[in-house]
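Below you'll find the structure, written out as structure tokens, and then a few comments.
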Amino acid sequence: MGVPDEMNDKALLIALAPVVEENLHLHGDAAEGWQPQDLVPWDDGRNFAFLGGEDWAPEQSTLSEIGKLALTVGVLAADNMPSYHRELAKHLRIGPWWRWVGRWTAEENRHSIVIRDYLVLTRAVDPVALERIRMTHMTNNYNAPAMHLIEVLVNAAFEETASSIRHRNTAKLAGDPVVAGICEKIATDDELQRDFYANIVVAALDLVPDQAMRAIADRVRGFKVPTIPLADGRDSTTDLAEAGIYDPARQDELVFRPLLEKWNVFERTDLGVDGEKAREELASLRV
């Protein structure tokens, strides 16, 4: 019996559920249950004026400008978890898929907790400005483009890869060992999350190769990291690139090519006419 030419999202959710279940267990076994409170230097903390202490002032911060930028982007991205959860959950609402959404959301929330605790405790940035921009960011929300299931999975693999790159570079460039420790933990989580999504894409390629190849080509063409608003109206994407934290100009090399290799995109022999056409669109990414 040959593979189907195409499956709708409901049928794919059911067909791929056993692979999701397997990878959910693999992820749980591989993931480190690190504790956010262990990574924050609580001895550095003191009360703000509301409780009789002293409010924030710029000279209290000892973190580098690169560190401030990268962690501000990181915490705002993670803090907008309701929007990201909603975008993912509307696609993945059954059985092991739904349990994965819960696990992924909890891990992302842990990232938000540890970065925010560090920033506020060490007075690295103005907490009032950070809270105001957080409220604006969450009110405006994040709305992903309309995507089918395999596109959602491909896009998530790309996003987690980009996030891991951002955190690895922050660890190297921020100039603070505590920040480095926090960002290394987050990057490791990101990479395990990337592997989860990438493994499901492998299964989708085996199940519906043409349809999956089209999803990959479409998301390579349409992928953009979310833009995070900064307090002074700057463009987070431009600033991160200039700081050496994450440069969209290097996405082909650092995000797309490693995953296309994992997915065996250019060596597959099971593609039909539509799949070959989609693969041709990816030819520039062939190493």
Side-chain angles (χ1 to χ4, degrees), residues 36 39-40 63 65-89 101 103-120 124-127 129-145 147 152 155-174 179-180 182-194 196-197 219 222-248 250-251 254-255:
L39 304 181
V40 178
L63 187 61
E65 291 303 313
I66 288 179
K68 293 175 189 176
L69 168 67
L71 291 188
T72 297
V73 170
V75 77
L76 289 173
D79 265 341
N80 204 5
M81 187 46 53
S83 291
Y84 297 110
H85 174 95
R86 180 200 64 226
E87 290 296 321
L88 193 59
V101 172
R103 171 78 192 215
W104 177 83
T105 301
E107 290 181 358
E108 292 297 317
N109 190 45
R110 180 169 60 189
H111 301 170
S112 171
I113 289 168
V114 70
I115 299 175
R116 173 169 289 277
D117 282 351
Y118 173 84
L119 289 174
V120 174
V125 299
D126 182 351
L130 184 66
E131 178 62 10
R132 286 173 177 166
I133 199 166
R134 183 184 76 88
M135 293 296 292
T136 298
H137 185 42
M138 292 184 68
T139 301
N140 290 340
N141 287 316
Y142 165 75
N143 291 295
M147 291 184 279
V152 171
N155 201 71
F158 290 160
E159 286 186 339
E160 293 300 345
T161 303
S163 182
S164 71
I165 292 167
R166 190 176 74 240
H167 286 114
R168 293 286 183 204
N169 285 333
T170 301
K172 289 187 292 186
L173 298 174
V179 171
I182 289 171
C183 289
E184 291 290 353
K185 293 288 189 187
I186 295 174
T188 298
D189 280 357
D190 291 337
E191 287 157 2
L192 289 173
Q193 293 167 351
R194 171 205 63 200
F196 176 92
Y197 290 114
R219 291 322 307 152
F223 179 71
K224 293 180 180 178
V225 292
T227 297
I228 307 300
L230 300 175
D232 56 5
R234 289 175 296 152
D235 178 354
S236 64
T237 302
T238 300
D239 280 14
L240 288 174
E242 291 177 351
I245 300 296
Y246 184 82
D247 186 354
R250 299 190 67 192
Q251 281 179 167
L254 299 178
V255 177

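Because the structure is predicted, anything quoted here is derived from the model rather than measured. Heavy atoms only: backbone and side chains are in, while hydrogens, waters and symmetry mates are out.
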Checklist entry - Do Trp104 and Glu160 pass the side chain to side chain contact (heavy atoms under 4.5 Å, CB included) test, and can you show the C-alpha distance, the side-chain angles, and the key distance before you say yes or no? => result CA-CA 11 Å; Trp104 177 83; Glu160 293 300 345; 2.9 Å; yes

Checklist entry - Can you list the steps and then say if Gln193 with Arg103 is a side chain to side chain contact (heavy atoms under 4.5 Å, CB included)? => result CA-CA 10 Å; Gln193 293 167 351; Arg103 171 78 192 215; over 6 Å; no

Next on the checklist: Apply side chain to side chain contact (heavy atoms under 4.5 Å, CB included) to residues Gln251 and Tyr246 and explain how you reach the verdict.
Outcome noted: CA-CA 9 Å; Gln251 281 179 167; Tyr246 184 82; 2.9 Å; yes

Checklist entry - Could you walk me through whether Lys185 and Arg110 pass the side chain to side chain contact (heavy atoms under 4.5 Å, CB included) check? => result CA-CA 10 Å; Lys185 293 288 189 187; Arg110 180 169 60 189; over 6 Å; no

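In plain terms, the two heavy atoms of Val73 and Ser236 that are nearest each other are CG2-CB, 3.9 Å. Nearest heavy-atom pair, Ala70 versus Thr170, reported as atom, atom and distance to 0.1 Å: CB-OG1, 3.2 Å. Nearest heavy atoms, Leu63 versus Ala174: CD1-O, 4.3 Å. Between Ala124 and Lys68 the shortest heavy-atom distance is O-CE, 3.5 Å. Residues Ala243 and Ile66 approach most closely at O-CD1, 3.9 Å, considering heavy atoms. Shown here for Arg194 and Ala157, the closest heavy-atom pair between the two residues is CG-O, 3.8 Å.
From Ile182, atom CD1 reaches atom CG of Asp117 across 8.5 Å, with rounding to the nearest 0.5 Å. Here Thr237 contributes atom OG1 and Ile245 contributes atom CD1; the two are 13.0 Å apart, rounded to the nearest 0.5 Å.
In this structure the side chain of Leu39 never reaches within 4.5 angstrom of the side chain of Tyr118, judged on heavy atoms. Side-chain contact between Cys183 and Leu71 is present, with at least one heavy-atom pair separated by less than 4.5 Å. Taking the side chain as every heavy atom from C-beta outward, Glu242 and Asp239 approach each other to under 4.5 Å.
Under the side-chain contact (heavy atoms from CB on, under 4.5 Å) test applied with Arg134, the options Thr139, Val75, Thr72, Leu76 reduce to a single match, Leu76.
Here Asp190 does not pair with Arg166 in a salt bridge; the nearest charged N to carboxylate O distance is not below 4.0 Å.
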